[in-house]
There are 2 protein chains.
Amino acid sequence: MSTSTSPKDRAAPLRADAQRNYDLLVAAADAEFTAHGADVPLEDIARRAEVGIGTLYRHFPTRDDLLAKVLTDGTAIILERGRELLSGSSPGEDLIQWIRELADYTATYRGLTAALANSYVSETGTRLCTSCDAISALGSELLARAQAAGEIRRDAQVVEIILSAHSAAWIGEQTKDPGAVRRLLAILFDGLRVVTPKPVSKPRSKRVKVRR
Amino acid sequence: MSTSTSPKDRAAPLRADAQRNYDLLVAAADAEFTAHGADVPLEDIARRAEVGIGTLYRHFPTRDDLLAKVLTDGTAIILERGRELLSGSSPGEDLIQWIRELADYTATYRGLTAALANSYVSETGTRLCTSCDAISALGSELLARAQAAGEIRRDAQVVEIILSAHSAAWIGEQTKDPGAVRRLLAILFDGLRVVTPKPVSKPRSKRVKVRR
DNA sequence: ACCTGAACACCGTTCAAGT
DNA sequence: ACCTGAACACCGTTCAAGT
């Protein structure tokens, strides 16, 4: 919540009133997203911030930019947690724990999962997407480590892992039943723990080259 | 595609022109949904059917009604398949196969998953929801049978099962990667196959009733 | 340099007028 | 009984005019 950094996170010196409006917008956005979900009319946010709608667009050209800003703290935390878990003692469970926390993060606002998933595969590199990239990078590391330790199935890829967390959160949004999320994740995790034996590399079996 | 039944599926005698418009609307809706996804402007559908927008609303008060109508055939098929599988030889795999087909069904139109999932938990009993009820009923049967056979974990519930299919389809929509869907389902299914041993019902262990 | 809000575009939904 | 499309509401986005 200590978010009075400037738009580009550089020390781009904003005029005093602009900085003030910027901060008001971020606070208003957080409040509105929390209260009415990630699809709340942008106009409502501007109104709450007591700012013209044009000002909102000036600072945040797209809704995703606003979402990304408001999620900054959460994103930092989930990334930090990932790094911590990366040096945990049980690679498989470390990955799993991270996914659990990722699902929570994804549920920050109602309707957020759709926005996140969209940006996750959108062509245009939005801000939200940038966070996603960092998150999948970390996911890759955690996954690779767990797979190397032979604790997680080798045919799993980051996309599914990450989007699984998303979809669990999505299911939570739809059903409003935290139990469903918990149970689904439990199934998923058990599935992830299933390790197919390494294809018995037949010691130099005479592979005959066949014609045609 | 043989869909010239009347709105309420009764022989409610529609006036000839009304029936014609109705059929045109269904055909147009199918075409538009296929081409532009489940969110296509209703106006586009009316235009393609060469019918006033009011006529569309008269026949289909909500977008869900239109979706439900256009999905009738698919819904019937998935239900029928479920019944077939119900008398399959391998309860666990029968359930799993059904989920696979359910995921396909859910992907009929781009953007359909969201609509389906929404209606799945919506309060107001829309048409779409009605289909969903039938589907979960069948899912319950398949699941119960598989669990009774000891082939599927006992803590799984229908909601997750169904919504898992939905979310797999959803992931397909997002990533446009059929491989991701396949891999996710594989993980999920392995998770479903994990059967925790029945809590060893200690043969009449002397359960002492404790005070307080 | 930044803010404002009117103006425009777009889509959903209703309803008075028509046949 | 049914159809039509103008009319209204709503939200996103832009931009000319203002400070």
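Only this structure's heavy atoms are used, side chains among them; waters, hydrogens and symmetry mates stay out. Just so we're clear, the structure is a prediction, and the values are computed from it rather than from any experiment.
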Counterpart residues, side-chain hydrogen bond (donor to acceptor under 3.5 Å, both in side chains), relative to A:E32 (two or more places apart): A:H36, A:R48
Euclidean distance, A:L24 CG relative to A:H59 NE2, rounded to 0.5 Å: 9.5 Å
Under 4.0 Å between a Lys/Arg side-chain N and an Asp/Glu carboxylate O for [X] and [Y]?
X: A:E93; Y: A:R193; answer: yes
X: A:D23; Y: A:R20; answer: no
X: A:E151; Y: A:R145; answer: no

What is the distance from [atom1] of [X] to [atom2] of [N], rounded to the nearest Å?
X: A:F60; N: C:dC3; atom1: CZ; atom2: P; value: 11 Å
X: B:R47; N: D:dA6; atom1: CZ; atom2: P; value: 13 Å
X: B:E50; N: D:dC3; atom1: CD; atom2: C1'; value: 15 Å
X: B:L56; N: D:dG5; atom1: CG; atom2: C1'; value: 14 Å
X: A:Q19; N: C:dC3; atom1: CD; atom2: P; value: 11 Å

Might you list the N or O atoms of the protein lying below 3.5 Å from N or O atoms in nucleotides 11-13 of chain C, with each pair's distance?
from: C:dG12; atom 1: OP1; to: B:R63; atom 2: NH1; distance (Å): 3.2
from: C:dG12; atom 1: OP2; to: B:L42; atom 2: N; distance (Å): 3.0
from: C:dT13; atom 1: OP2; to: B:Y57; atom 2: OH; distance (Å): 2.7
from: C:dT13; atom 1: O5'; to: B:Y57; atom 2: OH; distance (Å): 3.4

Base-paired stems in DNA chain D, each at least three Watson-Crick or G-U pairs under 3.5 Å: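 Stems found: C:4-8 with D:12-16, C:12-16 with D:4-8.
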N/O donor-acceptor pairs under 3.5 Å from side chains in residues 82-90 of chain A, not counting sequence neighbours:
from: A:E84; atom 1: OE1; to: A:R81; atom 2: NH1; distance (Å): 2.8
from: A:S87; atom 1: OG; to: A:E84; atom 2: O; distance (Å): 3.0

Residue list, side chain to side chain contact (heavy atoms under 4.5 Å, CB included) with A:R63, at least two apart or on another chain: A:V40, A:L42, A:L67
Short side-chain N/O contact from [X] to OP1 or OP2 of [N], under 4.0 Å:
X: B:R58; N: D:dC2; answer: yes
X: B:H59; N: D:dC3; answer: yes
X: B:N21; N: D:dC3; answer: yes

Polar side-chain atom of A:T55 near backbone of A:V51 as donor-acceptor pair, under 3.5 Å: no
Closest-nucleotide ordering on DNA chain C, the 5'-leading residue of A:V51 and A:R15: A:R15
Table please: side-chain donor-acceptor pairs of residues 107-114 of chain A below 3.5 Å, with sequence neighbours left out.
from: A:T108; atom 1: OG1; to: A:Y105; atom 2: O; distance (Å): 2.3
from: A:Y109; atom 1: OH; to: A:D30; atom 2: OD1; distance (Å): 2.6
from: A:T113; atom 1: OG1; to: A:E173; atom 2: OE1; distance (Å): 3.2
from: A:T113; atom 1: OG1; to: A:E173; atom 2: OE2; distance (Å): 3.0

